[in-house]
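Indexing begins at 1, ligand by ligand and atom by atom, following the structure's order.
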Amino acid sequence: MGGSSPVIGILALQGDVREHRRMLESLGATVVEVRAVRDLAGLQGLVIPGGESSVMDKLTRLFGLTEPLRWAIDEGLPVLGTCAGMIMLANELADGIEGQETLGGLDISVQRNAFGAQRESFDTRLDVRGIEGPAMDVSFIRAPIVTRVGDGVDILASLDDARVVAVDNSQCMALAFHPEVSGDERLHAMFVARAREYPPLPGDLPTTLV
Ligand code: GLN
C-alpha cells in the first residue's frame with residue numbers, strides 16, 4: 001500500500017527539519033512539512049525532529065496540533081522522534097519546564113537534558129539492534145535518556161554505561177541522538193520501510209479535529 005514512495009510528514013514548527021527532509025528524500029520518501037492539521041491527511045509516517053521540546057510543545061499547542069497528533073498516533077501512524085522528538089513521544093517526562101506536556105505514544109519515561117555540561121554534546125559509535133553492518137555514527141546534542149521502558153517497548157540501543165538511548169514499540173521509534181546530523185541513513189531507512197507498509201491517513205480527517 002502507498003506505493004514505493006511513502007508520504008512522510010515532518011513536524012515543522014521548530015528544529016532540524018531540513019536535515020530530516022534531506023535524508024528522507026534521499027531514501028525515496030515524499031516529504032510533507034506539517035504545520036497545520038490538514039497537513040496530516042494522507043501521511044504514512046511522521047518524523048518529530050530534534051530541537052527544543054519545550055518550544056515544540058508550546059508551538060504544537062498554539063497551532064492546535066496536539067490533539068490531532070495524538071489522534072494520528074492512536075490511529076497507528078508510524079512515528080520517528082529524534083532527541084526533542086523522543087521527549088515529545090514519551091508518556092512521562094522528568095525535568096521538563098513548568099507546564100511542559102508531551103504527546104505521548106511510547107510507554108517510556110525520559111529525563112530531559114540528562115548529560116552533564118561536560119558531555120552535553122558528543123559524537124559516538126553505537127550498536128543498534130536491527131541495524132546490520134558497522135556501528136552507527138551518531139551525535140548526541142543536549143540529549144535526553146530513557147529512564148523507564150514499559151511493556152511492549154524494545155530497547156534498540158544503550159550506551160556503554162547501560163543508559164538507554166533508543167527504543168521502539170513497532171510503531172513509534174525514539175532516538176536520543178541525531179543520525180540525520182551525523183549522516184547515517186540506516187535507521188531512517190528502517191523507518192521509511194515501516195511507513196511504506198502503513199495505509200495513508202484519510203484525506204478527510206475527522207471533523208472534530210479540523
Ligand atoms: N535539550 C533539548 C530538549 O529538551 C533536546 C535537544 C535536541 O533535540 N537536540 O528538547
Decide, yes or no, whether a salt bridge links Arg21 with Glu19 under the criterion of side-chain N to carboxylate O below 4.0 Å. no
Any salt bridge linking Asp168 with Arg129? Criterion: basic side-chain nitrogen under 4.0 Å from a carboxylate oxygen. no
Matching residue for Glu180 among His20, Arg22, Arg18 - test: side chain to side chain donor-acceptor pair (under 3.5 Å): His20
Sequence neighbours excluded, the answer for salt bridge (Lys or Arg N to Asp or Glu O under 4.0 Å) partners of Arg186 is Asp184
Holding to salt bridge (Lys or Arg N to Asp or Glu O under 4.0 Å), I want the full list of residues that pass it with Glu67, two or more places apart in sequence or in another chain. Arg70
Contacts of Phe122 meeting ring-ring contact (aromatic ring centres under 6.0 Å, His included) (sequence neighbours excluded), chain-then-number -> Phe115, Phe140
Pairs under 3.5 angstrom, nitrogen or oxygen on both sides, ligand 1 versus protein: list them out, please.
{"residue": "ligand 1", "atom": "1 (N)", "partner": "Asn113", "partner atom": "OD1", "Å": "2.6"}
{"residue": "ligand 1", "atom": "1 (N)", "partner": "Arg142", "partner atom": "O", "Å": "3.0"}
{"residue": "ligand 1", "atom": "4 (O)", "partner": "Ser53", "partner atom": "OG", "Å": "3.3"}
{"residue": "ligand 1", "atom": "4 (O)", "partner": "Arg112", "partner atom": "NE", "Å": "2.7"}
{"residue": "ligand 1", "atom": "8 (O)", "partner": "Gly51", "partner atom": "N", "Å": "2.9"}
{"residue": "ligand 1", "atom": "8 (O)", "partner": "Gly51", "partner atom": "O", "Å": "3.0"}
{"residue": "ligand 1", "atom": "8 (O)", "partner": "Ala84", "partner atom": "N", "Å": "3.0"}
{"residue": "ligand 1", "atom": "9 (N)", "partner": "Ile141", "partner atom": "O", "Å": "2.9"}
{"residue": "ligand 1", "atom": "9 (N)", "partner": "His178", "partner atom": "NE2", "Å": "2.9"}
{"residue": "ligand 1", "atom": "10 (O)", "partner": "Ser53", "partner atom": "N", "Å": "2.5"}
{"residue": "ligand 1", "atom": "10 (O)", "partner": "Ser53", "partner atom": "OG", "Å": "2.8"}

